[in-house]
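Have a look at the structure below, then the notes.
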Amino acid sequence: MTRDTTAYLREKYEQMDERGETWPLKQLQTASQARPVVEGREVIMLASNNYLDLANDSRLRTAAVDAIEKFGVGAGSDWSIAGYTELQDELHDTIAEFKGTEGGLSYQTGFSVNAGLLPQLLDDGDVYVSDEYNHGSIIDGIRLSPADTRVYDHSDMADLERVLQSVSSEFNRIIVVTDGVFSMDGDVAKLDEIHRLAEEYGAMTYVDDCHGEGVLGDGHGITAEFGLEDEIDFQMGSFSKACGGFGGMLAGDQHVVDFAYNTSRTWLLSAGYPPAVAAANKRALEIIDNEPQRVQDLWNKREYFQSELEDLGFDTGQSETPIVPVMIGDSNTAKQFAERLFEEGLFALSIVYPMVPRGEARIRNQINVGLTETDLNEALRVYEEVGRELDII
Ligand SMILES: Cc1ncc(COP(=O)(O)O)c(C=O)c1O
């Protein structure tokens, strides 16, 4: 039965589908890992955020299972309402230690840090200064704030300075907010320059390190990479990327953490994740800390993959990290490209509008340290074949 009231949504969906802007969902028959079984066959995984291959690591599994045995599967309620376990306290201490800050806090997701905290940090008469390529969760969080917003051209420090100049006399408080690693292009924010400019204009700084943890700064993230652990006011991140698990994190001064969980509606008014998640997350941070070689291997593999793609004639855009896009342009061509890759045994995602501007569709590859040299060579062989077939190289 088709209801008239919602028929317009079907039309909108069909138009999106015609433009190649809908999401084809795929079912995994194994854990997410370097070579999972997807839609019935083993593929090379290039679509997950599981950079350090920890999502199915036996040590995280053991930590989670032990926690389930002790604390069960549900948090029971929101952490603010019905309490939490020692596992969260331990995780919060581990986050602070890992990030080199006074305080640490975990949230239900990375999205919920940005969507819950950004609305609370500034008031009417204040302003957010935001990179144009910031993640959607930052955009949503800022939209919910009573403060104004000014957007600067992506990673353009001259434009950031222009914006800071123009807002400095008009507004009270200013926060410059940026992704650390930009999730669609894999480039790294110029955090040293952003911090210098922010200091010069009396602004605070907020960095989203979701794709930096486990990757930059020997795994400790972008503030460690730039030696700015004590300088960035608000450091948020995620356990759902290199840490292989689930959940968001915040690091900063203890009073920032106290303010954050007492005001973020996402933290206060939504159920906590299961205790087992906290146990696995803590284990992931310990592994990253103790196994720098794992992070180095990831870098070696991404260097190899990107340079070989470039040698084949592909455009990998601004990539500087294990996020290695292959620029295609048209959305439908990008989707067709991803489908052909999948038929040949590669799982890599086509990224289309609204994730990126129209005309800038791409295939996003994300390197997983569990991929062997043979896997990467096979992936490159398939890329060459499909690239020639679709006239991209
Ligand atoms: C830059 C950035 N920020 C925030 C998030 C949200 O993180 P989570 O998956 O933990 O909700 C993501 C995930 O897509 C991201 O890429």
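Positions are given from 1, in the same order as the sequence printed here. Both ligands and their constituent atoms are indexed starting at 1 by order of listing.
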>> Within the structure provided, determine whether Ser145 and Leu121 are in side-chain contact (heavy-atom separation under 4.5 Å).
In response: no
> Between Tyr383 and Phe337, is the ring centre distance below 6.0 Å?
Replying inline: yes
> Is a side-chain donor or acceptor of Asp253 paired with a backbone partner of His255 at a separation under 3.5 angstrom?
Replying inline: no
> For Tyr84, which residues count as a side chain to side chain donor-acceptor pair (under 3.5 Å) partner, sequence neighbours excluded?
Replying inline: Asp89
> Near ligand 1, which residues have a heavy atom under 4.0 Å away from one of its atoms?
Replying inline: Thr109, Gly110, Phe111, His135, Ser137, Asp179, Ser183, Asp208, Cys210, His211, Ser238, Ser240, Lys241, Gly247
> Is it the case that Glu310 and Thr316 place a side-chain donor and acceptor less than 3.5 Å from each other?
Replying inline: yes
>> ring pair (Phe, Tyr, Trp, His ring centres under 6.0 Å), that's the test. Do Tyr273 and Trp79 meet it? Break it down for me.
In response: CA-CA 9 Å; Tyr273 52 57; Trp79 291 313; 4.9 Å; yes
